[in-house]
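Below is one structure, written out as structure tokens, with a few remarks after it.
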Amino acid sequence: MTDSLISSAYSQALEVIASVEPRIAAATRQELTDQRGSLKLIASENYASPAVLLTMGTWFSDKYAEGTVGHRFYAGCQNVDTVETLAAEHARELFGAPYAYVQPHSGIDANLVAFWSILANRVETPYLRKMQAKNVNELTEADWETLRHEFGNQRLLGMSLDAGGHLTHGFRPNISGKMFHQQQYGTDPETGLLDYDAVAAKAREFKPLVLVAGYSAYPRRVNFAKMREIADEVGAVLMVDMAHFAGLVAGKVFTGEENPVPYAHITTTTTHKSLRGPRGGMVLAQEEFAADVDRGCPMVLGGPLSHVMAAKAVAFAEARQPSFQTYAQQVADNAKSLAEGFLTRGANLVTGGTDNHIVLLDVSSFGLTGRQAESALLDAGVVTNRNSVPSDPNGAWYTSGVRLGTPALTTRGFGHDEFDTVAELIVDVLANTSAGTTKAGEPSKASYVLGDGVADRVTKQSAEMLDKHPLYPGLVLS
Ligand code: PLP
């Protein structure tokens, strides 16, 4: 696609939008300016290609298509069937998975589909027997009572939030922590690394129905063969949430025992993080779970977003190109450069480094909370997010860490030297920020004082790198 085509497509689209609600057109333009002008280091974000973005803006958005391919609750779904079939085909090829379900609207939705599929597949209830016989209307109030009792109280073991797990892995405020009787495994208090023997011991004692592996903020690779061994020993289903690192799996950086797909019974993911697709989710499964996963809509999902499924197909086609493997390797190499940049400047990293796309910086040595660090960095045009560190004394709101990721800036073309400079700029900001006080003069975990001139200095240095690696080069809005 040529630059001038993309430029005129977006310019004209914005004109159409402005004719109805100019403030939305203005915000859309401003978002591009802001994304172009900041160092995006949020580990869960990326920049999808113009082809992926354009695919989302079509009339497929107007179509209802509840159900699955060839089995819809609405008429006229022949083109949605084409889209969903292609997206699933690409996904199966890309990940070497026997089955792919591309409908989930987000990562959380994908996990909900997985949970309910596991319950449906592994928990024998009178309700399910009747469902399979298709006489759900005959269910009595007593049947429902049994269902609620038998479906409830199942056990789930997942990684704790402060060790790097996700809310949906059994954390109490999320439905996963309420619908399951849950326990959490952490990381080794000394090294910050996953201790497989400790996970196995916990699994033997707790005997979960579901063992969840995967993470949002753990800066290391996981051995999924070992996790499957643990699951098998206790009769659990291994569910891997690869939302964060799906791009590294697709790009063949994580292979063998680091690739979850052959080991997990069910693998879930988002499609918009390192995988660089549209905002959405997906479930991959071994054949034995396929029929249950296929019932995701209407079990827990609303009607599929056909325009997003179409964009998933385009993104997966992109990820099947050899250039995506080069990209994924660069994401991991850049994370190493970033980590080394911090370590040589005396900063503390959880686990002492990284071997994926995440660097988790412990900012307590700067005398700051994660919240203060995140805000000061934003003032200097560095976009990050605060994150708990293991056993965080500041809890999940203020935190003691800042999570950084390389997928987005790698898409812009940043390499080793630029990531070293990024570390230098971040250390510059944090070393020149001090904790503030509350109105009453008490120490504050939120307010901060950024040294004079620091934001300008850092913004100027970032601008040089950002100008060298423009976002959507050639896209000029008229
Ligand atoms: N799973 C993991 C591991 C995540 O990191 C995230 C998002 O941060 C999700 C699931 C949820 O994804 P979404 O925001 O698309 O629902």
- prompt: Given the rule in the side-chain contact (heavy atoms from CB on, under 4.5 Å) test, do Val240 and Val222 qualify, once you have shown the distances and angles that lead to the verdict?
  reply: CA-CA 10 Å; Val240 177; Val222 174; over 6 Å; no
Stepwise side-chain contact (heavy atoms from CB on, under 4.5 Å) check, Thr168 with Val212: CA-CA 10 Å; Thr168 52; Val212 183; over 6 Å; no
task: Go through the steps for Asn111 and His169 under the test side-chain contact (heavy atoms from CB on, under 4.5 Å), then give the verdict.
output: CA-CA 9 Å; Asn111 286 349; His169 300 178; 4.2 Å; yes
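- Remark: the backbone N or O of Asp162 is not paired with any side-chain donor or acceptor of Ser388 at under 3.5 angstrom.
- A heavy-atom distance below 4.5 Å is not found between the side chains of Pro219 and Leu349.
- For Arg228 and His265, the side-chain atoms include at least one donor-acceptor pair closer than 3.5 Å.
- A salt bridge is defined here as a Lys NZ or Arg NE, NH1 or NH2 lying under 4.0 Å from an Asp or Glu carboxylate O, and Arg204 with Glu233 meets this definition.
- Checked against the 6.0 Å centroid criterion, the rings of Phe180 and Phe115 qualify as a close aromatic pair.
- With 3.5 Å as the limit, one finds no donor-acceptor pair spanning the side chains of Tyr327 and Thr410.
- A donor-acceptor pair under 3.5 Å is absent between the side-chain atoms of Arg276 and the main chain of Asn46, judged by distance alone.
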message: For a side-chain hydrogen bond (donor to acceptor under 3.5 Å, both in side chains) check, start with the C-alpha distance between Gln372 and Thr369, then their side-chain angles and the critical distance, and finish with the verdict.
response: CA-CA 5 Å; Gln372 290 160 332; Thr369 62; 3.2 Å; yes
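- A salt bridge links Asp420 to Arg345: at least one charged side-chain nitrogen sits closer than 4.0 Å to a carboxylate oxygen.
- Phe206 carries Arg155 over the face of its six-membered ring, with the cationic atom under 6.0 Å from the centre and within 45° of the normal.
- Nearest heavy atom pair, residue Asn394 against residue Lys445, reads OD1-NZ, 3.1 Å.
- Between Tyr218 and His244, a ring centre-to-centre spacing not shorter than 6.0 Å is recorded.
- When all heavy atoms of Val102 and Met309 are compared, the closest pair comes out as O-CG, 3.7 Å.
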message: Assess the residue pair Phe245 and Glu258 against the criterion (side-chain contact (heavy atoms from CB on, under 4.5 Å)); give the C-alpha distance rounded to whole Å, side-chain angles, the decisive distance to 0.1 Å, and a yes or no.
response: CA-CA 11 Å; Phe245 54 90; Glu258 294 167 357; over 6 Å; no
- request: Evaluate the side-chain hydrogen bond (donor to acceptor under 3.5 Å, both in side chains) criterion for residues Gln461 and Thr421: first the C-alpha distance (whole Å), next the side-chain angles of each, then the deciding distance (0.1 Å), finally the verdict.
  value: CA-CA 9 Å; Gln461 276 177 273; Thr421 307; over 6 Å; no
- request: Dump the intermediate steps for side-chain hydrogen bond (donor to acceptor under 3.5 Å, both in side chains) on Arg386 and Thr399, then the final yes or no.
  value: CA-CA 7 Å; Arg386 63 187 185 279; Thr399 80; 5.1 Å; no
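- Side-chain contact annotation: Asp392 with Ser400, donor-acceptor N/O pair under 3.5 Å present.
- Pairing each heavy atom of Asp241 with each of Thr268, the nearest pair is CA-OG1, 3.3 Å.
- A side-chain donor-acceptor contact under 3.5 Å links Arg403 to the backbone of Ser216.
- Closest non-hydrogen pair, Ile266 versus Ser117, comes out as CD1-CB, 4.3 Å.
- For Lys202 and Tyr185, the positive end is not near the middle of the six-membered ring at less than 6.0 Å and at most 45° from its axis.
- Remark: the Gln329 side chain and the Gln325 side chain contain no N/O donor-acceptor pair separated by less than 3.5 Å.
- Closest of all the heavy-atom pairs between Ala380 and Val429 is CB-CG2, 3.8 Å.
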